[in-house]
Undergrad: 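Following this message is one structure expressed as structure tokens.
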Protein chains: 2
Amino acid sequence: MDCRPFRVEDTVGQGTLAAVAEPKYWHLRTVLLRTMDTEFSTGQVLPNERELSARFGVARATLRQALDQLELEGRLVRRRGIGTLVAAPRVGIPVSGREGGRGSAVHGGQEWKVVDCTTGPASAALARTLGLAEGDQVHTVRRTRVVQGVTVAAESLHVPSAALPHLAVVVDGNDRARGVLRQLERVGVDGQSRSVELGVAESAEAALLERPPGTPVLVVTTQYAAAGRLAAVAVSTYRADTCKLTFGESGVAVKVAGEVKAAAVS
Amino acid sequence: MDCRPFRVEDTVGQGTLAAVAEPKYWHLRTVLLRTMDTEFSTGQVLPNERELSARFGVARATLRQALDQLELEGRLVRRRGIGTLVAAPRVGIPVSGREGGRGSAVHGGQEWKVVDCTTGPASAALARTLGLAEGDQVHTVRRTRVVQGVTVAAESLHVPSAALPHLAVVVDGNDRARGVLRQLERVGVDGQSRSVELGVAESAEAALLERPPGTPVLVVTTQYAAAGRLAAVAVSTYRADTCKLTFGESGVAVKVAGEVKAAAVS
DNA sequence: AAGTGGTCTAGACCACGCG
DNA sequence: GCGTGGTCTAGACCACTTG
């Protein structure tokens, strides 16, 4: 195929030496974005990088810089050996107490798949966030969140042993994980507080997310409280390329289905 | 100065042809991160890029790829003409109904600075999110959020004219903005629902945030409801490099001051 | 003027997916 | 084998800050 829509005139020259001399890659991004919106649809593959860079009269590295931006915005997916595809709009992923899975506060629904469960002394950083002394025993459940067949998040849930007095320590692996989660349910969770920040997936999480290391992720840190005390801390890393985190608050009964494109509302 | 801590042996060779042949830039990132954590402190400047790339025996572009990662994680700040600095830990920014400014639901506190206010027909995308017909009149208040002297966010608050029947239309600029905000207060807000996703700052927001275009941002979309109807939509872009968004829920009285480093809890 | 990060180039080779 | 994106190089020039 030829994929005519991309034309050289769009970017070359840039004639008007007015403006503030926008970088080439940024201008290129804008042109690509416009063309994608008007001439392409979800899942379609763009011309390959060598082709595009030639067509726009720039070095391949410069074109890639533009594609990097679009990928960060979740507008592109690049697959080695395949090509560059127009991405589907981001999926809204509920991250609220009442909505994940079956409605438990630690959202133990079927969306979550336990990877493993370990118990050991807390690192300095972890002890600090849990309000423990360094070296105190902590259960750690690693699990992934799978939505519509796609792994969208990896999580480490840390629970001080002291918070689960009735847990049989003999069981191991998935059984123990189940035990920890069930016990945590039983303890009851009064409330929670969360934070969201940008991060990159290290090798371990990256593998779980089926992405290369360095993949941008939204890091959600949740503190679960029980009886006024901190009962658990979860660190969840959501794939930033495909996820839009939603925090529903139950009082709202607005039934607007639309999605806001940040760009479109500027 | 010499900045000895960075040593060549850390990365060159990588001898063991075991492992999965980690990319150089990723390994470099790890080495830099470790050295920064142990030998440098907040605000300190690293050796310049040409120096570092020479010291590690890689091309400057490769070194920059590693620095790009660290910058995305908020560990580095690069200033043209100055150098590369170790960044301060991210600031926790409350994004909850009760915590911003003076406690109003649309957080009208002194942290927010109105930039301008316009009224005009809604674009197709905006009309959809507000549940209006395209072309319906909408007030748009642009403002920035300044925390401790730093502009951390830019926001566009969209309110359908129909939702504010008592607004005098004659006033303009800041007066109108104040009017819109006050009227919105008066209407009352029952609840709200939010989403967070990754984006990049376009030129307009980038300027407000005092960052170059393409800067990664956390896009927070908030829907405000009043009497069961959607009364307003706010699209806020927070600087991803410096901000950690916090969603406090009032029931939690946990007083743990610590911060979780995602990396440290893996 | 000197030093810094930011942009851009032209080319090479590698790792992956598919026919 | 071939085409794709991913990595890496060596070098050039520009834009910005500071003395």
Undergrad: Does the side chain of A:Thr84 get closer than 4.0 angstrom to OP1 or OP2 of D:dT4 through an N or O atom?
TA: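 For A:Thr84, the contact criterion (side-chain N or O under 4.0 Å from OP1 or OP2 of D:dT4) is not met.
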Undergrad: Under the rule for side chain to side chain donor-acceptor pair (under 3.5 Å), what residues qualify as partners of B:Ser41, not counting sequence neighbours?
TA: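 Partners of B:Ser41 under the side chain to side chain donor-acceptor pair (under 3.5 Å) test: B:Gln44.
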Undergrad: Under 4.0 Å from OP1 or OP2 of C:dT7: is there any side-chain N or O of A:Thr62 that close?
TA: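 For A:Thr62, the contact criterion (side-chain N or O under 4.0 Å from OP1 or OP2 of C:dT7) is not met.
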Undergrad: In whole Å, I'd like the distance from the CD atom of B:Gln69 to the C1' atom of D:dG6.
TA: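 Distance, rounded to whole Å: 13 Å.
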Undergrad: For A:Asn48, what residues pass the side chain to side chain donor-acceptor pair (under 3.5 Å) criterion, not counting sequence neighbours?
TA: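 Not a single residue meets the side chain to side chain donor-acceptor pair (under 3.5 Å) criterion with A:Asn48.
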Undergrad: Going by salt bridge (Lys or Arg N to Asp or Glu O under 4.0 Å), name the residues that satisfy it together with B:Arg79, two or more places apart in sequence or in a different chain.
TA: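 Partners of B:Arg79 by the salt bridge (Lys or Arg N to Asp or Glu O under 4.0 Å) criterion come out as none, since no residue qualifies.
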Undergrad: Rounded off to whole Å, could you give me the CZ-to-C1' distance for the A:Arg78 and D:dG3 pair?
TA: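 Taking atom C1' of D:dG3 as the reference, CZ of A:Arg78 is at 17 Å.
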Undergrad: Choosing from D:dT7, C:dC8, C:dG6, which nucleotide comes nearest the side chain of A:Gln65?
TA: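 Nearest nucleotide to the side chain: C:dC8.
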Undergrad: Just the rounded figure in Å: distance from C1' of C:dC16 to CD of A:Glu210.
TA: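 It is 16 Å, rounded to the nearest whole Å.
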Undergrad: Can B:Glu51 and B:Arg55 be counted as an ion pair, charged N to O under 4.0 angstrom?
TA: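 Counted as a salt bridge, because a side-chain N and a carboxylate O are separated by less than 4.0 Å.
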Undergrad: Can you tell me if A:Asn48 touches the phosphate of D:dG3, counting only side-chain N or O atoms and a distance under 4.0 Å to OP1 or OP2?
TA: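 Checking A:Asn48 against D:dG3: no side-chain N or O falls below 4.0 Å of OP1 or OP2.
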Undergrad: Would you mind reading off the distance between B:Trp26 atom CH2 and D:dG6 atom P, rounded to a whole angstrom?
TA: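 Roughly 16 Å, once rounded to whole Å.
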Undergrad: Using the closest heavy atom to pick a nucleotide of DNA chain C for each, name whichever of B:Glu49 or A:Leu63 lands nearer the 5' end.
TA: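 Looking at the nearest nucleotide for each, B:Glu49 comes out on the 5' side.
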Undergrad: Rounded to the nearest angstrom, tell me the gap between atom CD in A:Glu51 and atom P in D:dT4.
TA: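 Checked: the CD to P distance equals 9 Å.
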Undergrad: B:Glu49: which residues meet the salt bridge (Lys or Arg N to Asp or Glu O under 4.0 Å) condition with it, sequence neighbours left out?
TA: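 B:Glu49 satisfies salt bridge (Lys or Arg N to Asp or Glu O under 4.0 Å) with B:Arg60, B:Arg64, B:Arg78 once adjacent residues are dropped.
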Undergrad: Taking only residues two or more places apart in sequence or in another chain, which ones pass salt bridge (Lys or Arg N to Asp or Glu O under 4.0 Å) with B:Arg239?
TA: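 B:Arg239 satisfies salt bridge (Lys or Arg N to Asp or Glu O under 4.0 Å) with B:Asp241 only.
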Undergrad: Find the distance A:Leu28:CG to C:dC8:P and express it as a whole number of Å.
TA: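 Atom-to-atom, A:Leu28 to C:dC8, this comes out as 9 Å.
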Undergrad: Using whole Å, what does the distance between atom P of nucleotide C:dG5 and atom CG of B:Leu70 come to?
TA: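 So the two atoms are 14 Å apart, to the nearest Å.
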Undergrad: Measuring to OP1 and OP2 of C:dT9, would you say a side-chain N or O of A:Lys24 lies under 4.0 angstrom away?
TA: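 For C:dT9, OP1/OP2 do have a side-chain N/O of A:Lys24 under 4.0 Å.
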Undergrad: D:dT7 phosphate, OP1 or OP2: any side-chain N/O from B:Tyr25 under 4.0 angstrom?
TA: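 For B:Tyr25, the contact criterion (side-chain N or O under 4.0 Å from OP1 or OP2 of D:dT7) is met.
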Undergrad: Does D:dG6 have OP1 or OP2 under 4.0 Å away from a side-chain N or O of A:Arg64?
TA: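 Affirmative; the distance criterion is met.
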Undergrad: How would nucleotides 11-19 of chain D be written as a contact map, 5' to 3', with B for base contact, S for sugar-phosphate-only contact and - for no contact, using protein heavy atoms under 4.0 Å?
TA: -BB-BBSS-
Undergrad: Measure the distance from CD on A:Glu22 to P on C:dC8 and round it to the nearest whole Å.
TA: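 In whole Å, C:dC8 P and A:Glu22 CD are 10 Å from each other.
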Undergrad: Using a strict threshold of under 4.0 Å (side-chain N to carboxylate O), is an ion pair present between B:Glu155 and B:Lys113?
TA: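 A salt bridge is absent here (no side-chain N lies under 4.0 Å from a carboxylate O).
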